[in-house]
Asks: 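One structure, as structure tokens, below. Some questions next.
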Amino acid sequence: MPDMGQESLADFRAEIADWIDRTAPASLRDRAFSEDDICWGGKRWVFTSDDQKVWLEACAERGLTAPTWPEAYGGAGFSRAQDKIFKEEMDRLRVKKPLDSFGLWMLGPALLAFGTEEQKRHFLPQITRGEVRWCQGYSEPGAGSDLASVQTRAEDMGDHWLVNGSKIWTSYADKADWIFALVRTDRDAPKHRGISFMLIDMESEGVTTKPIRLISGKSPFCETFFDNVRVPKSYGEGLSAIVGEQNRGWDVAKHLLTHEREMIGGGGSGLTGGRSVASVLADEGQDDPVIMGRAMKLGVDELAMNLTLDRYKDMAKQGGVGNASAMLKYYGTELNKARFELLMSAGGSDALAWEGPYGTLAPEWLRTKANSIEGGTSEVMLDILAKRVLELPGD
Ligand SMILES: Cc1cc2nc3c(=O)[nH]c(=O)nc-3n(C[C@H](O)[C@H](O)[C@H](O)COP(=O)(O)OP(=O)(O)OC[C@H]3O[C@@H](n4cnc5c(N)ncnc54)[C@H](O)[C@@H]3O)c2cc1C
């Protein structure tokens with residue numbers, strides 16, 4: 001869809017707002033955010049309500065689960081400006097997102113950049129319709145921050161790859177249908193040059209998962225084991241199991257990380273339904289001048305972050321962001337931690353209740369602590385900024 005003038009954008013806003021207002025089920029509106037409300041999709045997904053299913057199907061039909069992806073791959077083909085308006089109207093009408101998934105946030109952008117036409121046409125619509133749920137097989141016990149040290153190996157057996165090794169911290173691996181994994185396909189090459197980016201069906205014989213139980217009682221991530229897993233070299237005509245070039249998976253991995261970091265860094269306001277901490281507190285009747293003073297100060301940072309995010313997306317559209325996603329990841333996640341610290345301070349000791357007058361604030365506050373670890377730690381982001389953006393001398 002071509003970029004539109006201001007007048008057409010105003011029409012677009014009116015039309016999309018009207019559609020959302022008419023279509024979004026009432027039960028998915030005006031509710032506080034909870035991780036439990038997320039629709040992840042996938043073959044084993046159990047919808048939390050009929051409304052959740054109806055809303056996903058209605059949005060998928062119009063390409064609105066992936067608004068900026070081309071229509072041919074299940075998206076809506078929106079321009080940056082249209083996408084921004086769509087998100088603003090969703091926030092304004094306080095409607096839940098129809099679908100959140102690693103396919104949308106991570107694999108999709110990687111396939112759009114590196115996939116073959118067949119890979120895009122096959123895998124992307126399954127993602128936008130919420131039919132297939134993906135997980136991310138990057139980290140290993142000896143490869144976290146130093147990701148290029150992955151040891152899971154894929155041996156060339158002619159018509160298939162034989163995969164052996166293990167991954168760790170694989171979010172929702174036990175619920176996912178497929179995994180995109182970094183595997184070593186050349187053990188003699190320098191470490192960044194022997195990795196391939198591979199798509200593996202989680203139902204393949206030899207793939208097992210072991211949930212890691214947290215103090216919260218939840219198990220959001222798993223260990224994932226590959227024991228002599230036969231991965232066909234091709235899933236069909238043009239459908240290689242490898243995305244991009246064999247042994248050049250590091251390029252795909254880095255591209256994907258850019259999107260992951262952008263998503264995690266920009267995701268903070270999502271946890272409070274797109275609203276500033278000051279407006280959340282004001283709605284709750286908070287009138288303590290010290291708390292509200294801190295909230296207003298944070299509000300300036302939130303505004304600056306949102307404007308920076310906008311500028312970043314405009315730059316990304318023109319292809320010039322380089323390593324700037326490390327800045328978003330670092331600042332966005334540190335800011336999000338500060339926002340939840342303040343919400344907790346405002347709630348006082350009552351807010352510490354796991355489930356109480358402040359809903360799920362306590363577990364969400366604790367969850368924000370992981371924001372500055374997942375997708376690359378804050379220390380590593382600062383390292384990237386120092387070396388690659390500011391070009392400061394090493395050690
Ligand atoms: C909630 C959550 C979900 C996750 N989901 C997934 C997933 O789905 N798939 C997946 O593959 N992984 C996932 N991870 C793993 C995540 O990517 C890693 O935890 C992260 O990259 C850090 O690696 P590590 O845990 O091995 O820590 P390490 O790399 O061992 O780091 C330990 C500490 O050393 C510091 N450090 C390491 N290197 C440097 C350096 N060069 N300079 C300065 N400090 C350094 C780090 O900052 C950190 O404080 C998830 C993690 C979390 C918390």
Side-chain angles (χ1 to χ4, degrees), residues 35 38 40 42 100-107 110 133-152 163 165-184 191-192 195 197-200 202 207 209-216 218-226 249-250 252-254 256-265 267-268 270-271 323 325-326 329-330 332-334 336-337 340 363-388 390 392 394-395:
E35 281 212 344
I38 296 177
W40 290 104
D100 266 315
S101 76
F102 288 16
L104 290 175
W105 300 332
M106 301 186 223
L107 180 64
R133 183 168 180 179
W134 288 83
C135 63
Q136 178 188 33
Y138 273 30
S139 307
E140 295 182 6
S145 300
D146 184 14
L147 184 59
S149 290
V150 287
Q151 293 301 323
T152 296
V163 180
S166 68
K167 299 284 174 183
I168 195 164
W169 313 126
T170 329
S171 298
Y172 310 115
D174 53 339
K175 299 180 175 63
D177 306 305
W178 283 66
I179 184 168
F180 49 90
L182 297 183
V183 295
R184 193 156 290 288
K191 66 178 182 179
H192 294 87
I195 296 171
F197 187 102
M198 194 171 277
L199 308 178
I200 305 174
M202 292 294 279
V207 179
T209 59
K210 189 171 156 205
I212 302 170
R213 197 171 158 86
L214 303 185
I215 195 169
S216 64
K218 291 189 175 177
S219 298
F221 31 45
C222 298
E223 289 176 89
T224 306
F225 302 97
F226 300 92
W250 187 245
V252 187
K254 277 193 306 183
L256 183 145
L257 279 174
T258 304
H259 286 273
E260 181 179 7
R261 289 172 183 164
E262 183 188 311
M263 180 275 297
I264 298 172
L271 295 176
N323 287 296
S325 64
K329 168 74 175 57
Y330 171 72
T333 56
E334 295 298 333
N336 202 37
K337 289 198 290 189
F340 274 80
E364 281 167 29
W365 160 64
L366 292 174
R367 179 62 182 80
T368 63
K369 306 294 177 196
N371 293 160
S372 50
I373 301 174
E374 59 198 323
T377 66
S378 278
E379 290 80 5
V380 169
M381 294 307 103
L382 289 175
D383 212 30
I384 293 173
L385 287 172
K387 285 186 186 143
R388 312 263 163 73
L390 301 174
L392 299 176
D395 310 324

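Each ligand, and each atom within it, is numbered from 1 in the order the structure gives. All values below were derived from every heavy atom in this structure, side-chain atoms included, with hydrogens, water molecules and symmetry-related copies excluded. What you are looking at is a predicted structure, and each value in this text was computed from that prediction instead of being measured.
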Asks: Please list the nearest protein heavy atom to atom 46 (C) of ligand 1 with its residue and the distance rounded to 0.1 Å.
Replies: T377 OG1, 3.5 Å
Asks: Would you mind running through ligand 1 and noting each atom that sits below 4.0 Å from a heavy atom of G375?
Replies: 17 (O)
Asks: Check each heavy atom of F221 against ligand 1 and say whether those closer than 4.0 Å belong to the side chain, the backbone, both or neither.
Replies: side chain
Asks: Using a 4.0 Å cutoff against the non-hydrogen atoms of E379, which atoms of ligand 1 qualify?
Replies: 43 (C), 44 (N), 47 (O), 49 (O)
Asks: Any idea which protein heavy atom is nearest atom 42 (N) of ligand 1, and the distance to it?
Replies: D383 OD2, 4.3 Å
Asks: Which residue and non-hydrogen atom of the protein lie closest to atom 17 (O) of ligand 1, and at what distance in Å?
Replies: S139 OG, 3.4 Å
Asks: At a 4.0 Å threshold, what atoms of ligand 1 neighbour a non-hydrogen atom of S171?
Replies: 3 (C), 4 (C), 5 (N), 6 (C), 7 (C), 8 (O)
Asks: Please list the nearest protein heavy atom to atom 13 (C) of ligand 1 with its residue and the distance rounded to 0.1 Å.
Replies: W169 O, 3.0 Å
Asks: May I ask whether K167 has any heavy atom positioned less than 4.0 angstrom from an atom of ligand 1?
Replies: no
Asks: Using modelled atom types only, decide if a donor and an acceptor are shared between the side chain of K167 and the backbone of A181 within a distance under 3.5 Å.
Replies: no
Asks: Identify, for atom 39 (C) of ligand 1, the protein heavy atom at the shortest distance, and state residue, atom and that distance.
Replies: V380 CG2, 4.0 Å
Asks: Counting only heavy atoms not in K210 (residues, nucleotides, ligands), do more than 12 fall under 6.0 Å from its NZ?
Replies: no
Asks: Does the protein put any heavy atom within less than 4.0 Å of atom 32 (C) of ligand 1?
Replies: no
Asks: How close do R261 and G375 get, counting heavy atoms only, and between which atoms?
Replies: NE-O, 2.7 Å
Asks: Report, in ascending order of atom number, the atoms of ligand 1 lying under 4.0 Å from any heavy atom of A370.
Replies: 1 (C), 53 (C)
Asks: Quick check: does E374 get an N/O under 3.5 Å from an N/O on ligand 1?
Replies: no
Asks: Output yes when a protein non-hydrogen atom is found under 4.0 Å of atom 6 (C) of ligand 1, and no otherwise.
Replies: yes
Asks: For Q151 and G142, indicate whether the former's side chain and the latter's backbone hold a donor-acceptor pair under 3.5 Å.
Replies: no
Asks: Hey, looking at atom 28 (P) of ligand 1, which of S149, S145, G144 has the closest heavy atom?
Replies: S145
Asks: Give the minimum heavy-atom separation between C222 and P211, together with the two atoms involved.
Replies: SG-CA, 3.7 Å
Asks: Ring centres under 6.0 Å, that's the criterion: do F221 and W169 meet it?
Replies: yes
Asks: Any protein heavy atom at under 4.0 Å, with atom 35 (C) of ligand 1 as the reference point?
Replies: no
Asks: Show the atoms of ligand 1 that are less than 4.0 angstrom away from any heavy atom in Y138.
Replies: 11 (O)
Asks: With only distance considered, is T170 within less than 3.5 Å of ligand 1 through an N or O on each side?
Replies: no
Asks: Could you list which atoms of ligand 1 come closer than 4.0 Å to a heavy atom of I373?
Replies: 19 (O), 20 (C), 53 (C)
Asks: For S166 and E223, which I'm curious about, is there any donor-acceptor pair between the side chains at under 3.5 Å?
Replies: no
Asks: Can you name the nearest heavy-atom pair linking G249 to L182, along with the distance?
Replies: O-CD2, 4.4 Å
Asks: So how far is it from K329 NZ to T377 OG1, rounded to the nearest 0.5 Å?
Replies: 7.5 Å
Asks: Give me the atom names and distance for the closest heavy-atom approach of A173 to T209.
Replies: CB-CG2, 3.8 Å
Asks: Could you label the plane-to-plane angle of the Y138 and F180 rings as parallel, tilted or perpendicular, counting under 30° as parallel and over 60° as perpendicular?
Replies: perpendicular
Asks: Give yes or no for whether the N/O distance cutoff of 3.5 Å, strictly under, is met between Q136 and ligand 1.
Replies: yes
Asks: Please state which part of M381 comes within less than 4.0 Å of ligand 1, counting heavy atoms only: side chain, backbone, both or neither.
Replies: neither
Asks: Would the number of heavy atoms belonging to other residues, nucleotides or ligands and lying under 6.0 Å from NZ of K369 be above 12?
Replies: yes
Asks: What are the two closest heavy atoms between L256 and M106, and how far apart are they?
Replies: CD1-O, 3.5 Å
